[in-house]
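Have a look at the structure below before the remarks.
What you see below is based on every heavy atom in this structure, not just the backbone, and it leaves out hydrogens, waters and symmetry mates. Letters A, B, ... mirror the listed sequences (proteins, then strands); counts begin at 1.
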Amino acid sequence: MLQVQDHSIRPLTTAHLAQTMSLLALSNQELREKVLAEVAKNPALELVEERVCPGCQRKLHSRGPCPACSSQAPQDHAIVFLSPRDFTRPSTGRQLEETPPEQEPAAPEDIAIHVLQQLAADLLPEDRRLAAYVLSSLNEEGFLQDAPAYLARATSSTLTQVGRVLDMISHADPPGLATEGPRQALLVQLDILEDQSPLVGLARQILESAFAELGRRDFERIAVLVAAPVAQIRLAAAFIHDNLNPYPARAFWGSGRQPAGADPNVYHQPDIQISRPQTENGGPLVVEIFAPIAGWLRVNPLFRQAAQPAAEGQSEEWTKHLERASLFVKCLQQRNNTMRRLMQILVADQGEFIRSGDRFLVPMTRAKVADRIGVHESTISRAVAHKSVALPNGRIIPLTRFFDRSLSVRERIKELVGAEPQPLTDDQIAALLRREGVRVARRTVAKYRAIEGILPARLRHRRAIPAAAGI
DNA sequence: CTATGGCACGGATT
DNA sequence: AATCCGTGCCATAG
């Protein structure tokens with residue numbers, strides 16, 4: 001039911017504990033940077049790219065236990081670029097659900113001006129108007145909304161002109177702008193990187209013939225499609241993730257405004273993925289806790305050997321490195337362990353929520369979970385912070401959502417209000433909820449209404465579409 | 001008098 | 001220790 005690696009390691013020292021705590025609170029993205037930094041400065045740490053079975057040292061080609069000796073393989077998931085599905089918005093209900101505001105396109109004009117300025121020199125005078133028109137016609141993601149033929153007609157230009165201008169725009173600063181979609185944007189960006197890496201060719205091949213598979217991280221399948229070894233595919237995927245941006249316009253907006261750090265609303269790469277391989281009816285849920293790095297980390301055995309026979313001058317520094325390295329590795333394992341146990345409980349308790357939606361979220365507190373796992377509640381707090389999880393239906397939500405005590409009730413209120421012919425007062429709603437076994441104060445109903453953007457009964461009159469307009 | 005929004009207290013989170 | 005969230009109490013708009 002849960003496929004994750006596990007080395008149960010208990011805290012040993014206060015230093016260990018402290019570091020585990022700080023690592024626990026990091027998202028994958030942040031952890032990745034942390035790990036790379038640590039590896040860079042500590043020679044005793046070794047990042048092993050190949051997946052090797054810890055038991056028999058055989059190379060592994062697929063997930064799961066080693067086929068030869070069946071010991072658990074280290075958890076390893078290459079970090080892949082965000083697939084389109086990673087951005088899936090809850091489009092089911094008519095309400096805007098979670099995913100709050102999402103950075104407003106600051107001002108589309110900004111990006112247009114930015115691009116026009118770059119192109120000013122190279123742009124033929126007769127193409128100017130066309131370029132401006134094209135830039136203004138892009139959708140919020142920076143992609144083309146209209147077919148080239150349409151653009152040509154609208155500006156009475158020739159198709160060649162349009163093609164030329166589109167080409168120039170897409171290769172300008174936020175590269176990939178004015179393309180048809182994420183895939184085309186990525187391809188254009190590859191053009192620009194042409195000679196940067198030997199992986200470009202393979203990456204292009206993947207984008208062209210296995211884009212959907214890439215989104216699903218189905219490396220085995222990709223390998224078949226493009227006839228290349230899986231290891232290569234992983235490298236190429238990592239390259240794509242690290243160097244390309246499927247939504248060029250977002251990068252542009254993001255650059256000037258949000259300082260990247262603060263819990264952005266756009267979840268690029270989920271830290272955890274819950275899927276349900278057995279189609280339909282209750283198959284088991286599979287939880288994948290993504291590792292921040294493809295490959296795994298260990299204390300370099302050679303370094304350990306080398307440091308061993310020494311007690312002399314320099315070895316002191318080496319010993320320090322060794323200690324720090326092994327501490328770091330243990331902390332990472334501790335982190336994995338905590339995350340794994342946390343997810344076990346979440347899946348067990350909230351299976352219905354995961355499968356069927358917000359209404360079935362049962363209220364639970366971090367404290368209770370902490371109790372069951374046997375750790376301090378602040379540990380759970382950290383474990384849950386800054387993480388995102390992809391549900392089987394493709395939605396990506398913050399892990400803290402599992403602890404939202406009011407979500408299911410708010411959901412129910414939305415339903416009640418949406419369904420009832422007569423405007424229900426807060427008291428009536430509270431009564432209805434109580435009948436369903438939900439004990440909430442009338443005052444609280446009012447608060448939830450406010451949160452959901454539902455007007456008070458008085459103003460709701462008739463058939464008011466709970467449009468969350470305004471703002 | 002009834003339905004709501006404002007303010008403040010107590011427990012949960014960070 | 002600093003904050004956030006659910007509630008109770010109270011004043012105010014209908």
Side-chain angles (χ1 to χ4, degrees), chain A residues 11 14 17-28 30-31 34 97-98 100-101 259 261-265 271 334-335 338-339 341-343 345-346 349-350 353 358-359 361-389 397-414 416-418 420-462 464 466 468 470-471:
Chain A
T14 51
L17 193 55
Q19 190 171 13
T20 301
M21 285 300 153
S22 65
L23 290 183
L24 195 53
L26 298 178
S27 70
N28 255 346
E30 296 159 336
L31 185 60
K34 177 86 179 174
E97 282 186 38
E98 94 264 23
D263 193 359
N265 298 318
D271 300 304
Q334 181 70 42
R335 178 186 192 271
T338 304
M339 290 302 300
R341 291 198 286 175
L342 169 63
M343 290 313 296
I345 289 191
L346 289 186
D349 279 25
Q350 305 284 17
F353 162 67
D358 292 345
R359 266 189 59 190
L361 180 67
V362 330
M364 67 195 308
T365 76
R366 295 159 170 82
K368 284 205 189 95
V369 174
D371 223 35
R372 285 164 60 183
I373 295 185
V375 298
H376 194 278
E377 56 181 68
S378 75
T379 304
I380 298 299
S381 247
R382 294 173 199 273
V384 156
H386 310 304
K387 313 279 190 309
S388 59
V389 45
I397 60 174
L399 195 51
T400 52
R401 178 65 52 83
F402 281 90
F403 296 90
D404 187 326
R405 268 173 292 171
S406 61
L407 184 63
S408 61
V409 181
R410 296 206 306 269
E411 199 62 25
R412 189 73 190 114
I413 291 178
K414 281 199 290 188
L416 288 173
V417 171
E420 282 311 334
Q422 309 296 327
L424 295 168
T425 69
D426 290 348
D427 257 326
Q428 291 171 312
I429 294 177
L432 287 175
L433 289 175
R434 184 155 306 152
R435 213 165 293 166
E436 297 179 13
V438 185
R439 268 176 39 5
V440 278
R442 170 238 119 215
R443 187 67 190 77
T444 308
V445 173
K447 292 273 192 189
Y448 290 169
R449 258 196 316 96
I451 293 176
E452 296 300 334
I454 300 173
L455 293 169
R458 229 167 248 290
L459 302 175
R460 229 155 54 223
H461 283 316
R462 310 261 161 122
I471 310 179

Rounded to the nearest angstrom, tell me the gap between atom [atom1] in [X] and atom [atom2] in [N].
{"X": "A/R401", "N": "B/dT13", "atom1": "CZ", "atom2": "P", "answer": "16 Å"}
{"X": "A/Q428", "N": "B/dT2", "atom1": "CD", "atom2": "P", "answer": "13 Å"}
{"X": "A/F402", "N": "B/dT13", "atom1": "CZ", "atom2": "C1'", "answer": "18 Å"}
{"X": "A/I454", "N": "B/dT4", "atom1": "CD1", "atom2": "P", "answer": "12 Å"}
{"X": "A/L424", "N": "B/dA3", "atom1": "CG", "atom2": "P", "answer": "12 Å"}
{"X": "A/H386", "N": "B/dT13", "atom1": "NE2", "atom2": "P", "answer": "17 Å"}

A/T425 near the nucleic acid: base, sugar-phosphate alone, or nothing, with a heavy-atom cut-off under 4.0 Å? sugar-phosphate

Looking for any heavy atom pair under 4.0 Å, which part of the strands does A/A450 touch: base, sugar-phosphate only, or nothing? nothing

Without swapping roles, check the side chain of A/T400 against the backbone of A/V384 for a donor-acceptor pair under 3.5 Å. no

[X]: what forms a side chain to side chain donor-acceptor pair (under 3.5 Å) with it, not counting sequence neighbours?
{"X": "A/T425", "value": "A/Q428"}
{"X": "A/E436", "value": "A/R412"}
{"X": "A/R443", "value": "none"}

Who pairs with A/R405 by salt bridge (Lys or Arg N to Asp or Glu O under 4.0 Å), at least two apart in sequence or on another chain? none

Across nucleotides 3-10 of chain C, 5' to 3', mark each nucleotide with B, S or - according to how protein heavy atoms within less than 4.0 Å reach it. ---SBBB-

Sequence neighbours left out, cut at 3.5 Å: what donor-acceptor pairs do the side chains of residues 363-371 of chain A make with other protein atoms?
residue: A/T365; atom: OG1; partner: A/A367; partner atom: N; Å: 3.4
residue: A/T365; atom: OG1; partner: A/K368; partner atom: N; Å: 3.1

